[in-house]
Amino acid sequence: MNREALLDGLNPQQRDALLHTDGALLVIAGAGSGKTRVITHKYAYLVREKRLSPSSILTVTFTNKAAEEMKGRIASLLSRDLKDCWIGTFHSQCMRILRREIQVLGYRPEFVVYDEDDQHSLIRHILKELKIYEALYRGVVSRINSLKASMVTPEEFLASGDGFGFDEKLAKVYVIYQDELRRCNALDFDDLILLTVRLFRDHPDVLRRYRERFSYILVDEFQDINSAQYELVKLLALGHRNISAVGDDDQSIYRFRGAEVANIYRFEEDFPDAKVIKLEQNYRSTQNILDVSGSVISRNPGRKAKQLWTERGRGEHVNFYWLPTEEEEAKYVAKTIKDIYLKGVYNYGDMAVLYRINLQSRAVEVALKREGVPYRVVGGVSFFERKEVKDIVSYLRLSLNQHDNVSLRRVINTPHRGIGSATLNKIEHVSRKNDLSLFEAIRRVCRTKASSQTVLEKLEAFLRLLSELSALKGRPAPEAIEYIVELTGYSEGLEDQRLQSLSELTASAEGMSVEEFLERVSLFTRLDEPVPEDAVSLMTIHAAKGLEFPVTFIIGLEEGVLPYFKSSDNEEEICEERRLFYVGLTRTKDLLYLTGARKRRVLSRRQRQEPSRFLSDIPKRCCQWIEKDPCGTVAGNGVDGKGRSSPRDEALYYAFPYKTGCRVRHPKWGIGVVRDCYGEGDDRKVYVNFPGVGVKRLALKFAQLERV
DNA sequence: CGAATTGAGTTTTTT
DNA sequence: ACTCAATTCG
């Protein structure tokens with residue numbers, strides 16, 4: 001693709017963003033404003049026109065999925081493979097750098113990455129050792145994580161404390177935690193970022209190398225980066241200052257894990273010469289949806305003002321349904337989904353149900369099942385969080401590193417081999433006293449015969465197992481998994497479903513070595529799991545970020561649910577909840593349904609709920625408010641409820657009964673695939689590709705197309 | 001050491 | 001309501 005083609009179809013602001021390649025650039029990209037398009041085209045432009053090699057453009061995304069998508073789109077723009085490119089999440093890029101460089105920080109390059117679960121068990125273990133009430137671990141984990149996100153070292157935190165109370169204990173836990181990670185040659189998620197920052201700060205020669213290597217830096221979702229990530233970007237960019245930061249402060253929804261919107265404002269201070277471009281033309285939603293979401297988000301103070309607009313028409317009114325119970329709410333959602341589907345305009349795959357917390361999916365799932373509507377739940381307990389999968393992964397880790405204490409604790413008695421808590425305590429004791437890893441401690445116990453004969457035999461058997469596992473280094477992962485299952489007798493007495501996970505695990509490891517597989521697994525998340533056939537998507541609003549759906553339901557619009565009750569006391573958190581609602585609203589292309597329930601089960605009690613405060617931010621003219629009282633009568637107010645075609649008929653008029661990719665039958669040309677649709681009302685046209693005939697442009701009004 | 005029972009806490013969101 | 005973990009008993 002040449003220069004013209006890359007600029008083609010970009011609006012003036014998008015073009016500016018693409019062409020500004022010298023020095024810092026901040027792109028404030030409103031929802032649905034073609035942000036990804038700008039990034040991918042800019043990348044292609046840098047390669048094509050500025051002759052940069054893909055290996056010299058560092059591109060950071062928020063999720064693995066976003067990275068993959070971006071890679072694919074860029075590859076097709078450039079019509080070439082992107083080998084040796086640097087497109088990925090902060091965590092994966094840091095991992096890649098640390099694999100090469102971490103030795104100067106005193107870790108070995110085969111380090112493993114501990115996920116949340118591993119982190120929890122390690123911290124609980126430390127609390128136990130320190131005789132601190134273990135149930136506090138959640139709070140401790142989150143405090144430590146936020147310290148790490150803002151780059152406060154254990155030593156600094158210790159020094160900053162006043163020497164009493166909980167913080168002092170917390171500092172102690174933090175010190176031990178960090179120490180223990182190092183011993184296990186393990187990093188947690190935050191370490192990946194933190195250590196890379198430290199690497200660059202403390203080793204100017206290394207920093208210089210990477211500054212030279214990356215001559216351009218692109219950062220997506222800039223509003224969601226934490227201070228450590230900001231620091232990392234800054235370190236790399238401060239040499240040449242060739243950086244594009246793209247984000248939307250209104251869509252910052254990860255404060256709870258250390259993201260700070262303020263970073264997007266800091267950028268202009270740290271790069272005072274930065275050009276700032278706002279993308280305000282929206283290519284996704286109808287004007288009505290923009291009005292609704294705009295009036296909601298405008299209540300937040302201190303944001304960068306935006307005026308989103310669209311060339312699409314006004315579109316449909318938003319509907320708010322206030323239903324007696326959560327069951328009725330779910331039923332209403334399921335029925336409406338089915339209705340819409342039966343009208344033939346939208347497929348199930350075009351629709352999504354969004355909610356604040358995963359728990360809310362339950363009722364909707366029940367109702368959808370009852371209606372026979374296919375659905376998929378995004379999130380929930382993911383494949384890689386299943387117990388049996390984590391067990392096998394622990395064995396794999398141990399095969400590479402026998403000093404991985406967290407993995408060892410996990411599997412030492414799984415499956416049962418008669419090594420219980422008494423024995424384990426003894427081993428822990430030996431390990432602490434002699435400053436040994438658990439593995440070494442077991443060896444010492446065996447060598448010095450410091451236990452009963454039966455226990456010794458069991459421990460020796462376990463040691464033999466570990467030494468056999470160490471032969472798995474560099475082997476193909478599927479083979480290693482099967483070997484582990486066989487050697488440990490793991491599958492004995494396992495339920496079918498769990499056996500199933502094991503074979504899925506083996507299948508997913510296809511073509512990778514043990515090392516590669518572990519690397520993939522540790523950064524894999526729920527969002528990355530495959531997309532099935534035509535099904536309604538159910539997910540949290542968080543999970544829906546970056547996605548769009550022609551038809552969107554946002555459920556549970558009640559005080560306590562959205563905004564969530566845990567956030568209710570703090571103004572900044574309410575703002576974040578409002579942004580969350582905004583993100584949900586702006587996922588919608590055509591039809592938006594909001595619902596809430598007057599009564600809901602909250603922690604086993606039926607509770608009376610009030611409509612969400614955010615609803616009152618929506619202008620009356622945009623939203624149709626319909627209440628169903630417990631007797632079943634329906635009352636509407638708000639905009640012209642009577643005397644006009646129902647919203648759904650109107651949708652039929654504006655929307656396309658076919659979408660790109662769907663198959664249709666034409667009386668003359670037979671079956672073809674829809675390539676594109678455009679126009680409004682009676683002027684709607686579709687391009688259809690008929691195999692053997694070619695692409696035909698057809699007027700929807702006249703062509704007698706039939707969906708296949 | 002392991003199974004069973006009791007009891008507490010729990011439900012935000014994710015790399 | 002439900003899960004997960006500590007405690008207790010065999």
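In what follows, every chain begins at residue 1, and chains take the letters A, B, ... in the order their sequences are listed. Model, not experiment: these values are computed from the prediction.
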Discussion item. Quick one, A:D617 and A:R578 - any side-chain contact, counting heavy atoms below 4.5 Å?
Written reply: yes
Discussion item. With a 4.0 Å cutoff (strictly under), does any side-chain N or O of A:N358 reach OP1 or OP2 of B:dT13?
Written reply: yes
Practice prompt. Find the distance A:D220:CG to B:dT15:P and express it as a whole number of Å.
Written response: 14 Å
Worksheet, complete the sentence: Winner on side-chain proximity to A:T63, out of B:dT15, B:dT13, B:dC1, is B:dT15
Response to the item:
Of B:dC1, B:dT14, B:dT15, the nucleotide closest to the side chain of A:F189 is B:dT15
Worksheet item: How long is the line joining NZ of A:K148 and C1' of B:dT14, in whole Å?
Response: 16 Å
Worksheet item: Looking at B:dT13, B:dT15, B:dC1, which one has an atom nearest to any side-chain atom of A:H91?
Response: B:dT15
Discussion item. Taking 4.0 Å as the cut-off, does a side-chain nitrogen or oxygen of A:S92 come that near to OP1 or OP2 on B:dT15?
Written reply: no
Worksheet item: Taking only N and O in the side chain of A:N413, is any of them less than 4.0 Å away from OP1 or OP2 of B:dG2?
Response: yes
Fill in: Residue pair A:T540 / A:I357, side-chain heavy-atom distance below 4.5 Å
no
Pairwise N/O distances under 3.5 Å, protein to nucleotides 3-6 of chain C:
residue	atom	partner	partner atom	Å
C:dA6	OP1	A:R124	NH2	3.3
C:dA6	OP1	A:E134	OE1	3.4
C:dA6	OP1	A:E134	OE2	3.3

Item to complete: Starting from the 5' end of DNA chain B, give me the residue, A:L424 or A:T540, whose nearest nucleotide shows up first.
Response: A:L424
Worksheet item: Judged by atom type as modelled, is there a donor-acceptor pair below 3.5 Å linking the side chain of A:K71 to the main-chain atoms of A:G88?
Response: no
Would you list the protein and nucleotides 7-11 of chain B atom pairs, both N or O, that sit under 3.5 Å from each other?
residue	atom	partner	partner atom	Å
B:dG9	OP1	A:Y133	OH	3.0
B:dT11	OP2	A:R138	NE	3.3
B:dT11	OP2	A:R138	NH1	3.3
B:dT11	OP2	A:R138	NH2	2.8
B:dT11	O3'	A:Y564	OH	2.8

Discussion item. Under a 3.5 Å cutoff, is there a donor and acceptor pairing between the side chains of A:D191 and A:Y114?
Written reply: no
Worksheet item: Tell me: NZ of A:K545 to P of B:dT15, nearest whole Å?
Response: 11 Å
Discussion item. If you only use heavy atoms from C-beta on, which nucleotide in B:dC1, B:dT15, B:dT14 is closest to the side chain of A:A543?
Written reply: B:dT14
Worksheet item: What integer distance in Å separates A:D118:CG from B:dT15:P?
Response: 16 Å
Practice prompt. Quickly work out the A:E576 CD to B:dT13 P distance and round it to whole Å.
Written response: 14 Å
Discussion item. Measuring only between side-chain heavy atoms, which start at C-beta, is A:M151 closer than 4.5 Å to A:L194?
Written reply: yes
Practice prompt. For the pair A:Y210 and A:W86, name the ring-plane relationship: parallel under 30°, tilted 30 to 60°, perpendicular over 60°.
Written response: perpendicular
Item to complete: Answer yes or no for this row: A:F90 ring on B:dT15 base, centroids under 5.5 Å, planes under 30°.
Response: no
Worksheet item: Between A:D224 (CG) and B:dT15 (P), how many Å, whole number?
Response: 11 Å
Discussion item. What is the separation between atom CZ on A:R600 and atom P on C:dA1, rounded to the nearest whole Å?
Written reply: 16 Å
Discussion item. Between P on B:dT13 and CZ on A:F581, what's the gap in Å once rounded to a whole number?
Written reply: 19 Å
Worksheet item: Is any side-chain heavy atom of A:H125 closer than 4.5 Å to a side-chain heavy atom of A:E180?
Response: no
Worksheet entry | A:F614 side chain near A:L580 side chain, heavy-atom distance below 4.5 Å | no
Worksheet item: Between A:Q229 and A:N226, is there a donor-acceptor pair closer than 3.5 Å when you use the side chain of the first and the backbone of the second?
Response: yes
Practice prompt. Check whether any side-chain heavy atom of A:F90 lies under 4.5 Å from a side-chain heavy atom of A:V219, and answer yes or no.
Written response: yes
